[in-house]
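Since this is a predicted model, take the numbers as computed values, not measurements. Reminder, nothing fancy here: chain letters follow the sequence lines and each chain counts from 1.
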4 protein chains.
Amino acid sequence: MEYNEKQVQIMETAEILFAEKGFNGTSVRDIAEKANVNLAMVSYYFGSKDKLLEALFGYRGEYFKLKLETMIEDRELTSLEKMETMIDDKELSSLEKMNTLIDHYIEKIMQQQCFSRIMVREQVLNHTGITAELIFQMKKKNQELISKLIHQGQKKGEFKKNIDIPLMMATLIGTANNLVATQFYYRELNDLQSMSEEEFQKHLKKKLSQHLKKLFKAILTNEE
Amino acid sequence: MEYNEKQVQIMETAEILFAEKGFNGTSVRDIAEKANVNLAMVSYYFGSKDKLLEALFGYRGEYFKLKLETMIEDRELTSLEKMETMIDDKELSSLEKMNTLIDHYIEKIMQQQCFSRIMVREQVLNHTGITAELIFQMKKKNQELISKLIHQGQKKGEFKKNIDIPLMMATLIGTANNLVATQFYYRELNDLQSMSEEEFQKHLKKKLSQHLKKLFKAILTNEE
Amino acid sequence: MEYNEKQVQIMETAEILFAEKGFNGTSVRDIAEKANVNLAMVSYYFGSKDKLLEALFGYRGEYFKLKLETMIEDRELTSLEKMETMIDDKELSSLEKMNTLIDHYIEKIMQQQCFSRIMVREQVLNHTGITAELIFQMKKKNQELISKLIHQGQKKGEFKKNIDIPLMMATLIGTANNLVATQFYYRELNDLQSMSEEEFQKHLKKKLSQHLKKLFKAILTNEE
Amino acid sequence: MEYNEKQVQIMETAEILFAEKGFNGTSVRDIAEKANVNLAMVSYYFGSKDKLLEALFGYRGEYFKLKLETMIEDRELTSLEKMETMIDDKELSSLEKMNTLIDHYIEKIMQQQCFSRIMVREQVLNHTGITAELIFQMKKKNQELISKLIHQGQKKGEFKKNIDIPLMMATLIGTANNLVATQFYYRELNDLQSMSEEEFQKHLKKKLSQHLKKLFKAILTNEE
DNA sequence: AATGAATGAGTCTTCATTCAT
DNA sequence: GATGAATGAAGACTCATTCAT
């Protein structure tokens, strides 16, 4: 699905507002005003507010995929498809691969905090509709990817047996989402108000990366 | 704060609906109808819909505390205050204490899933107002408790140094919330639809408990 | 169905406006303003604009029935139920009975011109929904009544055989509706602008009565 | 007024939709979509939706006239101008002439059912504007024609005196319109659902023709 | 000549809240 | 203390129309 400039403008404004005030807490008027477009344009371009949300879900998914392909061409190491390529790489250890995957997730979530918040909120309710389906597919894909990597590590003897993959997923996603979602409280609670926003974001990313890598290494490799 | 029967009825109905459809997705009319009370009673008893949410936050906190005191009298091991008592217990190892604390959290979240969902949703937005303050206090208290326990374990040489407590918190709460919030997807993804609801809840609780204990043990005690 | 004062006020205002400007040409705002009630009251009392129309159909039907019962008590000769009683009356000739029935119809239509116009308009479209069902039932009842009367007259040898009852119905209702609906053109075309409105209405009723009685007498009794 | 292909396409699509859902119940978008033309073309060609309706009224009138002229050339007996010629025909009896006129009306209405429905609906309201004027002129013309024919018959002693011409008009038009407009109910009420649509239309036409001719003959010729 | 994009005004409906009783 | 009736404000959405191209 291709979107023109105005449509993107609307979706990205909506994304910010949905993240800030929730879907039901945001009015079409709010979006139109903040996006500096006519009120009727939302219905005009997306049909309805619900469909705008669906479009946003599709757009972010699409955007991710596009980014992935781009990244592959650029020989960077942060995309999901690159992930898939990487998994078959014989040179890297399974743990190195897992660390790369973790960093990829963190990167994604940190770069799309608004959308992450929306997903956190939306997945809590409505298990029906297109958004739910998209969330489900995303989760499925992610779990498959991680499963593949872990099973490979186990075959190579680098990872232990008896890994509860769904729970590892919950920890990976849950920890990252929780920190991002409650960063305001995290900042207050740990007296980091003096940091600039940029520093703080870097700080979060680094902490998350270290912490999750440590967790995964411990679970995947240590003797009990 | 004491609430009469009708007030409790309204709050508990609101809790279910807020968890299901979100705060803004639930109308006062919905609540009144489902709670079988007059529409005007919500404003009459709570002043406004916003204050109803605040009251709910206070009520669940209050309710927890009440439960705690009761539990202490019953000499059970699942309350927060009991937690505090337990921390000073010389007989238990620090890891045993941590495991107890983990189970306590899991218990709390599993028993109050509706309220947990509401908190997950609400903490993502609005960092102002009474609810935010309540969430902040809750997080602070929890972090203090865990800090105390971990520092104690470190002093006793049972736990390693260099524990990132806020991140451990994020993992504890994030993993539990994520699993509870996305249990629908978890069930689908792992082909557990045949389980009865009760069995499934037990399954979730057990998995969560094993997983989080393993995680904490690994991080707190293992050599790197 | 019992309606309170305000509900009646809304329905009767809506009736006038629907007759004047059509259902879709009338906004809820128009109705509320003309009826001097709050805009939200229409939804409050009737649920929606569509349901207001349905209520109006029910109300006018109900109103007719109520009138009938009242009339019976008053021993008047203008009600539908009285009609039914009259049909079995041995003293009246079949033609006298038919004339009474014709006058009853004319009376009804002349007294409820607004509603008649609405029915004329609505029956042209939408053959679904509650309004269509009500129109159908009304037509069925009327046709049964006239059938009974005509068959009786035929048995008594007062009416000829071979009467096309559905077409007679179409003439009775069609002629009356046409004259009422196009009275504005009738007045212009026949230079009756000088008449007062009241005189004109009396004139219409008298003309209609004479004309339809003559038509029915000719068809029902004359040799070809 | 000459219309190009697209304009005719638009008008004829509008005619169907106006007949189906009413003028206000039909959106310009509906028309454009069903007519497979660009949305802006309606305004572009007709100026506005109102003017489209006016154009339709003019078009159908124009179309009728055109047909008449054609028919005259073809020596057929169904046109209005032929009517005018016929009236002066010395060979036909006045009743034969009237029967021809009745069939002509029925033919016209049956062939243009959509437009008839629109007229039935529109004449009930708005007595201003160009459409009202067109309806008025049509009614005037028709009444003059019938008047001329009846007066001629009276002069020749074939028709009785004391004919209420406007009421006869109301019966002619009212009966035909009523049957056409309520044909759905007529079919249901008289158990004709098994007929094919074509058969049913023929049936309607035949019944109408027989009925109206019988009515007119009785009124115009019989002794009272 | 024809149209895609855009829009202001208007639609119906729902909302949380108030208030007289 | 409790509530039925009522309402102003706001909600999402649709409309006929315009205009630059």
Would you kindly give the [atom1]-to-[atom2] distance between [X] and [N], to the nearest whole Å?
| X | N | atom1 | atom2 | value |
| --- | --- | --- | --- | --- |
| D/Glu33 | F/dC15 | CD | C1' | 13 Å |
| B/Asn4 | F/dA2 | CG | C1' | 12 Å |
| C/Asn38 | F/dG4 | CG | C1' | 16 Å |
| C/Asp30 | E/dT13 | CG | P | 14 Å |
| C/Lys51 | E/dT13 | NZ | P | 9 Å |
| B/Ile10 | F/dT3 | CD1 | C1' | 13 Å |
| B/Asn36 | F/dT3 | CG | P | 12 Å |
| A/Asn24 | F/dA10 | CG | P | 18 Å |

| query | Should C/Glu20 and C/Arg117 count as an ion pair when the cut-off is N to O under 4.0 Å? | reply |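 Looking at C/Glu20 and C/Arg117, the cut-off is not met.
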
Under 4.0 Å from OP1 or OP2 of [N]: is there any side-chain N or O of [X] that close?
| X | N | value |
| --- | --- | --- |
| C/Arg29 | E/dT11 | yes |
| D/Ser43 | F/dA16 | no |
| B/Ser48 | E/dA16 | no |
| B/Tyr45 | F/dA2 | yes |

| Starting at the 5' end of DNA chain E and moving along, which residue's nearest nucleotide shows up first, A/Met41 or B/Val28? |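 The residue closer to the strand's 5' end, by nearest nucleotide, is A/Met41.
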
| task | Please figure out whether B/Phe23 or C/Lys49 has its closest DNA chain E nucleotide nearer the 5' end. | result |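 Result of the comparison: C/Lys49.
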
| Minimum-distance nucleotide to A/Ser27 side chain [options: F/dG11, E/dC12, E/dT3] | F/dG11

| query | Any idea which of F/dT17, E/dA2, F/dA5 is nearest the C/Tyr44 side chain? | reply |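 Nearest nucleotide to the side chain: F/dA5.
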
| task | Specify whether B/Tyr3 and B/Phe46 have parallel, tilted or perpendicular ring planes, treating 30° as the upper limit for parallel and 60° as the lower limit for perpendicular. | result | tilted

| task | Establish, yes or no, whether a centroid distance under 6.0 Å links the rings of C/Phe115 and C/Phe57. | result | yes

| query | Which heavy-atom pair separates A/Leu17 from A/Thr26 by the least distance, and what is that distance? | reply |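 Residues A/Leu17 and A/Thr26, closest heavy atoms: O-OG1, 3.2 Å.
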
| task | Report the residue from D/Glu15, D/Gln7, D/Glu12, D/Glu54 that forms a side chain to side chain donor-acceptor pair (under 3.5 Å) with D/Tyr59. | result | D/Glu12

| said: On DNA chain F, does the nearest nucleotide to D/Val42 precede the nearest nucleotide to C/Leu39 from the 5' side, or the other way round? Give the residue. | reply: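 Counting from the 5' end, the first nearest nucleotide belongs to C/Leu39.
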
| note | Re F/dA9: Watson-Crick or G-U wobble partner, both distances kept under 3.5 Å, found to be E/dT14

| query | With both distances under 3.5 Å as the test, what is the Watson-Crick or G-U wobble partner of F/dT21? | reply |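 When the pairing criteria are applied, E/dA2 turns out to be the nucleotide that pairs with F/dT21.
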
